[in-house]
**Student:** 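Below is one structure. I have some questions about it.
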Amino acid sequence: MDEDEVRTEAWWGRRAWVLLSAVRARAPLVQCITNLVSMDIVANALLAAGASPAMLHCLREVPDFSPRCDAVYINVGTLSEDWLPSMRAAASAGRPWVFDPVAVAASGFRMETCLSLLALRPAVVRGNASEILALASSSDNSSFKGVDSSHDSSDALQAAKALARSSGAVVAVSGAVDFITDGVQVVSASNGVPMMQKITATGCAVTALIAAFVGADPSDALVAAACALAIFGLAGEIGMESARGPASLRMHLIDALYSLDEQTVTSRVKISLLP
Ligand SMILES: Nc1ncnc2c1ncn2[C@@H]1O[C@H](COP(=O)(O)OP(=O)(O)O)[C@@H](O)[C@H]1O
Ligand SMILES: Cc1ncsc1CCOP(=O)(O)O
Ligand SMILES: [Mg+2]
């Protein structure tokens with residue numbers, strides 16, 4: 001068996017570099033229908049990584065614009081009924097799309113909305129542990145705390161596998177360790193620093209980065225999601241070396257994402273396939 005089949009940490013490091021390089025070379029166009037809090041960090045993180053973000057959400061533009069995108073990113077963080085038809089239309093435009101079910105347990109309407117979007121077959125769903133637990137059970141029976149998680153990512157691993165199997169999407173649970181699964185294989189990505197939780201919309205930004213990676217290479221959404229999460233976490237680690245708190249971490253993380261080089265990525269990305 002050659003090393004490619006074994007998928008060692010070194011293999012993942014090289015994949016992460018190849019995919020980041022593909023994003024930089026192809027500048028995938030990513031339509032982002034995201035929440036009002038996250039628009040700035042999402043657009044800046046995508047630009048820093050080499051992608052081309054477009055924050056368009058008008059329903060009348062979807063038929064012209066969404067089919068021309070390399071990927072679509074949909075995030076329900078500041079959900080309003082007005083945007084829902086655009087979200088549905090963009091998700092149905094025939095492009096790979098990635099879903100962030102922010103605070104899915106906040107209301108019956110939000111849960112219903114997320115379940116209806118899930119039926120439109122996202123390539124990847126990325127949420128924190130509380131979101132994935134709630135979405136997998138279609139209910140608010142978890143201890144719910146708004147947009148932030150009250151669970152560890154490992155608490156949601158079985159739920160993520162079940163959700164991946166029932167939806168057909170790759171499911172990623174973020175946290176101290178990120179878990180990514182297609183319902184059969186489980187991959188962990190362990191880059192990142194705890195202070196990333198103190199910057200609003202880092203979760204939204206990393207989901208957008210997953211969309212960029214999927215847009216640059218749609219052939220394997222599990223690999224794309226794992227590599228995007230590790231790369232974003234690595235940018236957080238490097239950013240933390242110069243940061244003095246959440247505000248400067250936000251800036252240094254974006255700078256680090258822009259500056260990542262082959263040696264740093266291949267030696268510091270921490271991804272492994274769980275047995
Ligand atoms: N304790 C932690 N240690 C390291 N990285 C973390 C930690 N918590 C979250 N992250 C990272 O922060 C980013 C946002 O994840 P998370 O906070 O779980 O999402 P959300 O903002 O949607 O709640 C992800 O890249 C994740 O890997
Ligand atoms: C604070 C807030 N409120 C509605 S959306 C949002 C941002 C959530 O971002 P993230 O899920 O990345 O923490
Ligand atoms: Mg979130």
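Each ligand, and each atom within it, is numbered from 1 in the order the structure gives.
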**Student:** Just go through Ala106, Cys204, Gly77, Ala103 and tell me whose heavy atom is the nearest to atom 4 (C) of ligand 2.
**Tutor:**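 Minimum heavy-atom distance to atom 4 (C) of ligand 2 goes to Gly77.
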**Student:** Looking at Phe232, which atoms of ligand 1 are within less than 4.0 Å of one of its heavy atoms?
**Tutor:**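 The list of qualifying atoms is 25 (O).
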**Student:** Without placing hydrogens or testing angles, list every side-chain donor-acceptor pair under 3.5 Å for residues 189-200, not counting sequence neighbours.
**Tutor:**
unit_1 : atom_1 : unit_2 : atom_2 : d
Asn191 : OD1    : Lys270 : N      : 2.8
Asn191 : ND2    : Glu237 : OE2    : 3.1
Asn191 : ND2    : Arg268 : O      : 2.9

**Student:** Regarding Arg95 and Ser66, is there a side-chain donor-to-acceptor distance under 3.5 Å anywhere?
**Tutor:**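 No, no side-chain donor-acceptor pair sits under 3.5 Å.
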**Student:** Would you mind running through ligand 1 and noting each atom that sits below 4.0 Å from a heavy atom of Gly192?
**Tutor:**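 Those qualifying, in numeric order: 4 (C), 5 (N).
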**Student:** Would you give the length of the straight line joining atom OG of Ser248 to atom CG of Leu253, rounded to the nearest 0.5 angstrom?
**Tutor:**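 If I round to the nearest 0.5 Å, the distance is 11.0 Å.
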**Student:** In the protein, which heavy atom is nearest to atom 3 (N) of ligand 2, and how far is it?
**Tutor:**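 Checked against all protein heavy atoms, atom 3 (N) of ligand 2 sits closest to Val147 CG1, 3.7 Å.
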**Student:** Assess whether side chain to side chain contact (heavy atoms under 4.5 Å, CB included) is satisfied between Cys227 and Leu20, documenting all intermediate values.
**Tutor:** CA-CA 8 Å; Cys227 290; Leu20 178 62; over 6 Å; no
**Student:** May I ask you to list the atoms of ligand 1 that are less than 4.0 angstrom from any heavy atom of Gly203?
**Tutor:**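 Checking each atom against Gly203, I get 14 (C), 19 (O), 20 (P), 21 (O), 22 (O).
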**Student:** Can you tell me if Ser219 and Asp217 form a side-chain donor-acceptor pair at under 3.5 Å?
**Tutor:**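 Per modelled atom types, Ser219 and Asp217 side chains form a pair under 3.5 Å.
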**Student:** Nearest to atom 12 (O) of ligand 1, what protein heavy atom do you find, and at what distance?
**Tutor:**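 Residue, atom and distance for the closest contact: Met196 CB, 3.6 Å.
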**Student:** Checking a contact table here: which protein heavy atom is nearest atom 9 (C) of ligand 1, and how many Å away?
**Tutor:**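 Protein heavy atom with the smallest distance to atom 9 (C) of ligand 1: Gln197 CG, 3.6 Å.
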**Student:** Heavy-atom contacts with Thr200 under 4.0 Å: which atoms of ligand 2 show up? List them by number with element.
**Tutor:**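 Result: 1 (C), 7 (C).
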**Student:** Of the protein's non-hydrogen atoms, which lies at the shortest distance from atom 6 (C) of ligand 1, and what is that distance?
**Tutor:**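 Nearest protein contact, heavy atoms only, for atom 6 (C) of ligand 1 is Gly175 O, 3.4 Å.
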**Student:** Which heavy atom of Leu118 sits nearest a heavy atom of Pro122, and at what distance?
**Tutor:**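 Shortest heavy-atom separation between Leu118 and Pro122 comes out as O-CD, 3.3 Å.
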**Student:** Other than Val147, which residues form its hydrophobic cluster under the rule that side-chain heavy atoms must be closer than 4.5 Å?
**Tutor:**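 Members other than Val147 - counting any ILVMFWY side chain reachable under 4.5 Å - are Val102.
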**Student:** Within ligand 2, which atoms have a heavy atom of Thr202 less than 4.0 Å away?
**Tutor:**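 Numbered from 1, ligand 2 contributes 12 (O).
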**Student:** Say whether Thr78 and Asn35, considering side chains only, have a donor N or O and an acceptor N or O under 3.5 Å apart.
**Tutor:**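 On atom types as modelled, these side chains do not qualify, holding no pair under 3.5 Å.
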**Student:** Which residue and non-hydrogen atom of the protein lie closest to atom 6 (C) of ligand 2, and at what distance in Å?
**Tutor:**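 Closest protein heavy atom to atom 6 (C) of ligand 2: Val37 CG2, 3.8 Å.
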**Student:** Which atoms of ligand 1 sit under 4.0 Å from any heavy atom of Val193?
**Tutor:**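 Listed by number with element: 3 (N), 4 (C), 5 (N), 6 (C).
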**Student:** If you measure every N or O of Glu131 against every N or O of ligand 1, does any of those distances drop under 3.5 Å?
**Tutor:**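 N/O-N/O distance below 3.5 Å does not exist for this pair.
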**Student:** If you have a sec, work out which protein heavy atom is nearest atom 26 (C) of ligand 1 and how many Å separate them, to one decimal?
**Tutor:**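 Nearest protein contact, heavy atoms only, for atom 26 (C) of ligand 1 is Asp178 OD1, 3.5 Å.
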**Student:** Does some non-hydrogen atom of Asp148 fall short of 4.0 Å from ligand 1?
**Tutor:**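 No, Asp148 has no heavy atom closer than 4.0 Å to ligand 1.
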**Student:** Taking only heavy atoms of Gly203 into account, list the atoms of ligand 2 that are under 4.0 Å away from them.
**Tutor:**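 Result: 12 (O).
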**Student:** Between Thr34 and Tyr73, does the side chain to side chain contact (heavy atoms under 4.5 Å, CB included) criterion hold? Intermediate values first, please.
**Tutor:** CA-CA 7 Å; Thr34 188; Tyr73 168 44; 3.8 Å; yes
**Student:** Would you give the length of the straight line joining atom CG of Leu117 to atom CH2 of Trp97, rounded to the nearest 0.5 angstrom?
**Tutor:**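 Leu117 atom CG to Trp97 atom CH2 measures 5.0 Å (nearest 0.5 Å).
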**Student:** Of the protein's non-hydrogen atoms, which lies at the shortest distance from atom 18 (O) of ligand 1, and what is that distance?
**Tutor:**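 For atom 18 (O) of ligand 1, the nearest protein heavy atom comes out as Ser174 OG, 2.7 Å.
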**Student:** Considering only non-hydrogen protein atoms, determine which one is nearest to atom 19 (O) of ligand 1 and report residue, atom name and distance to 0.1 Å.
**Tutor:**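 Looking at atom 19 (O) of ligand 1, the protein heavy atom closest to it is Arg126 NH1, 3.2 Å.
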**Student:** Enumerate the atoms of ligand 2 whose separation from the nearest heavy atom of Ala201 is less than 4.0 angstrom.
**Tutor:**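 In order of number, 9 (O), 10 (P), 12 (O), 13 (O).
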**Student:** Any chance you could measure His252, atom NE2, to Ser242, atom OG, to the nearest 0.5 Å?
**Tutor:**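 Here the rounded value is 5.0 Å.
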**Student:** Please report which non-hydrogen protein atom sits nearest to atom 2 (C) of ligand 1, along with the residue it belongs to and the distance in Å to one decimal place.
**Tutor:**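 Atom 2 (C) of ligand 1 sits closest to the protein heavy atom Ala176 CA, 3.4 Å.
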**Student:** Do Ser272 and Glu9 have side-chain atoms, one donor and one acceptor, less than 3.5 Å apart?
**Tutor:**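 No - no donor-acceptor pair under 3.5 Å links their side chains.
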**Student:** Just by distance, with hydrogens left out, do His151 and Ser130 show a side-chain donor and acceptor under 3.5 Å apart?
**Tutor:**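 The answer is yes; a qualifying pair exists.
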**Student:** Which of the listed options, Thr207, Ile231, Asn128, holds the heavy atom that is closest to atom 23 (O) of ligand 1?
**Tutor:**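 Among Thr207, Ile231, Asn128, the closest heavy atom to atom 23 (O) of ligand 1 comes from Asn128.
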